[in-house]
Protein chains: 2
Amino acid sequence: MPRAHHVEIQLTPKKRRTQAARTAETRSRIIAAVTDLIAERGFARTTAQEISTRAGVTWGAVQHHFGGKDGILAAVLEASFNHFADRVSETPVAGVDLETRVSSFVDKAWEHYSSRHYRTTFEILLNVQGRDDESSTADPADVPRWQGRMYEAWNEVWISVFPDARPGRRREFFIQHYTLSVLSGLAATLMLQGDGAQLPSEELDLLKRTIVAELAPSSSKDNRFDKKVD
Amino acid sequence: MPRAHHVEIQLTPKKRRTQAARTAETRSRIIAAVTDLIAERGFARTTAQEISTRAGVTWGAVQHHFGGKDGILAAVLEASFNHFADRVSETPVAGVDLETRVSSFVDKAWEHYSSRHYRTTFEILLNVQGRDDESSTADPADVPRWQGRMYEAWNEVWISVFPDARPGRRREFFIQHYTLSVLSGLAATLMLQGDGAQLPSEELDLLKRTIVAELAPSSSKDNRFDKKVD
DNA sequence: ACATTTACATATTGCATGCAATGTAAAATG
DNA sequence: CATTTTACATTGCATGCAATATGTAAATGT
């Protein structure tokens with residue numbers, strides 16, 4: 001069963017739609033096409049030709065909506081950022097003990113990091129970064145700015161999910177950075193493993209135990225994420 | 001002060017050298033040039049032109065030695081693999097307690113993961129991977145094979161460094177995979193942060209504590225990597 | 001010293017690519 | 001319904017790129 005996103009080709013004329021509806025649908029299809037293509041075939045093979053084919057539109061439509069490749073990349077980064085923010089903000093907080101919140105948060109974050117949204121973001125930032133010493137034209141993805149934004153989003157969600165676990169700003173940043181690094185690392189191995197990769201549930205459980213131990217040292221001894229030695 | 005690797009331009013004719021010496025030097029320069037270029041400017045901007053300029057040879061020389069781009073990439077992966085194996089095999093083992101060995105091993109591994117060797121390897125594998133559905137010409141980097149090799153190397157070194165910590169094959173693989181993921185993740189954030197990124201010593205310390213706790217659960221309570229809460 | 005082999009340099013070719021310019025279709029407005 | 005605006009399609013151009021073909025320089029063998 002093919003995994004590639006298929007564009008439904010309608011053989012009958014579409015019923016009349018508003019321009020806003022047309023615009024929204026076309027932009028959405030183009031963004032989805034780019035996200036899928038980069039995740040599946042890599043940044044370099046995501047050509048204008050491939051984008052047009054996958055999105056089911058011509059390059060003129062892409063140009064009209066986004067101006068060009070850089071404009072699409074910026075839009076894709078924005079969409080991916082929203083995907084991340086949407087995922088992690090789904091973490092239930094009220095009346096939930098620390099361990100459960102940590103577990104839920106890590107699971108939600110992993111939904112993003114294991115998705116093609118993350119991979120696409122990572123490839124875009126990696127490829128755009130190498131341009132630093134080139135022309136001064138507007139950067140579609142100011143890498144430091146995106147990372148700052150990502151850290152801010154992490155911090156905001158973290159504080160809302162763990163308002164009762166505040167070991168201090170510096171230490172919180174460290175724990176967040178560690179968490180982000182583990183998730184990125186698992187995502188990196190997933191990228192290279194491709195199809196057939198298993199959910200790294202043991203690794204995620206170890207991460208959860210680690211986070212709980214760092215946030216609440218006294219409660220970590222009796223941790224429900226503990227793994228029985230086989 | 002520029003960080004780019006500079007090729008020394010000799011204005012006087014070199015003294016006579018053997019062909020083997022000439023071959024070794026040229027190949028070495030080309031491999032170093034590609035490693036540096038990919039790490040600094042990204043895979044896509046590492047063109048034949050850039051490689052020739054950086055290595056101080058012409059494309060004809062590159063072709064003669066490597067056949068083409070794919071040949072260079074395969075050679076660069078090999079060199080990077082050796083860099084990794086060299087680093088981690090420097091871990092002192094005899095008469096060293098577990099915690100010290102863990103610390104040394106992680107530090108040595110980080111020397112590789114924080115290096116341009118790792119970044120170059122990662123970019124090559126990421127870019128080559130997207131070709132899977134293209135022509136059937138010989139793959140310069142069979143990604144699954146490289147990963148299998150990497151896991152084998154990890155396991156060999158791991159067993160030699162931790163012969164007294166054998167919780168079982170499955171669990172060892174899990175701990176190795178977690179370790180590799182954390183290092184990859186720290187490397188991924190380093191890639192995007194670029195210059196000015198600090199050594200993530202706290203994250204590496206937490207990783208060390210985690211490994212010790214997983215390898216020797218009973219000794220982890222009095223762990224010298226413990227961080228005082230600020 | 002000369003012939004052969006290997007290392008390297010140079011010029012050219014064919015292809016892929018993003019984007020600009022221009023034209024057409026669909027929706028909105030008067 | 002006519003005009004205007006916006007969405008989209010088509011064509012062509014300029015550039016960058018890897019690789020090929022061929023020639024020259026350096027090292028080796030006889």
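To find a chain, count down the sequence lines: A is the first, B the second, and so on, and within it residues start at 1.
- Within the structure, side-chain hydrogen bond (donor to acceptor under 3.5 Å, both in side chains) contacts touching residues 80-90 of chain B (residues at least two apart or in different chains) are B:Ser80-B:Thr121, B:His83-B:Arg87, B:His83-B:His112, B:Arg87-B:Glu90, B:Arg87-B:Glu111, B:Glu90-B:Lys108.
- Residues in residues 145-158 of chain A take part in these salt bridge (charged side-chain N to carboxylate O under 4.0 Å, His left out) pairs, two or more places apart or across chains: A:Glu78-A:Arg149.
- Distance CD1 (B:Ile30) to P (C:dA7): 11 Å, rounded to an integer number of Å.
- Sorted by first and then second residue, the salt bridge (charged side-chain N to carboxylate O under 4.0 Å, His left out) pairs with a member in residues 172-194 of chain A read A:Arg166-A:Glu172; sequence neighbours excluded.
- Atoms CZ (B:Arg17) and P (C:dA7) sit 12 Å apart, rounded to a whole Å.
- Between A:His64 and D:dC8, a side-chain N or O to OP1/OP2 separation shorter than 4.0 Å is absent.
- Side-chain nitrogen and oxygen atoms of B:Thr58 include none within less than 4.0 Å of the OP1 or OP2 phosphate oxygen of C:dC8.
- In this structure, A:Ile51 places its CD1 atom 16 Å from C1' of D:dC8, rounding to the nearest Å.
- Checking the phosphate oxygens (OP1, OP2) of D:dA27, no side-chain nitrogen or oxygen of B:Thr18 falls inside 4.0 Å.
- Rounded to a whole Å, the CD atom of A:Gln19 is 4 Å from the C1' atom of C:dA27.
- With sequence neighbours left out, the ring-ring contact (aromatic ring centres under 6.0 Å, His included) criterion links B:Trp158 to B:Phe105, B:Phe162.
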- Message: Output one letter per nucleotide in nucleotides 11-25 of chain D: B when a protein non-hydrogen atom lies under 4.0 Å from the base, S when only the sugar-phosphate is that close, - when neither is.
- Response: ------SSBBB----

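- Not counting sequence neighbours, the partners of A:Glu123 by the salt bridge (charged side-chain N to carboxylate O under 4.0 Å, His left out) test are A:Arg119.
- In this model, the phosphate group of C:dC8 is approached by a side-chain N or O of B:Thr26 to a distance below 4.0 Å at OP1 or OP2.
- Comparing D:dT6, C:dC8, C:dA9 by their nearest atom to the side chain of B:Val57 picks out C:dA9.
- Between B:Arg45 and B:Glu40, no side-chain nitrogen of the basic residue sits less than 4.0 Å from a carboxylate oxygen of the acidic one, so the salt-bridge criterion is not met.
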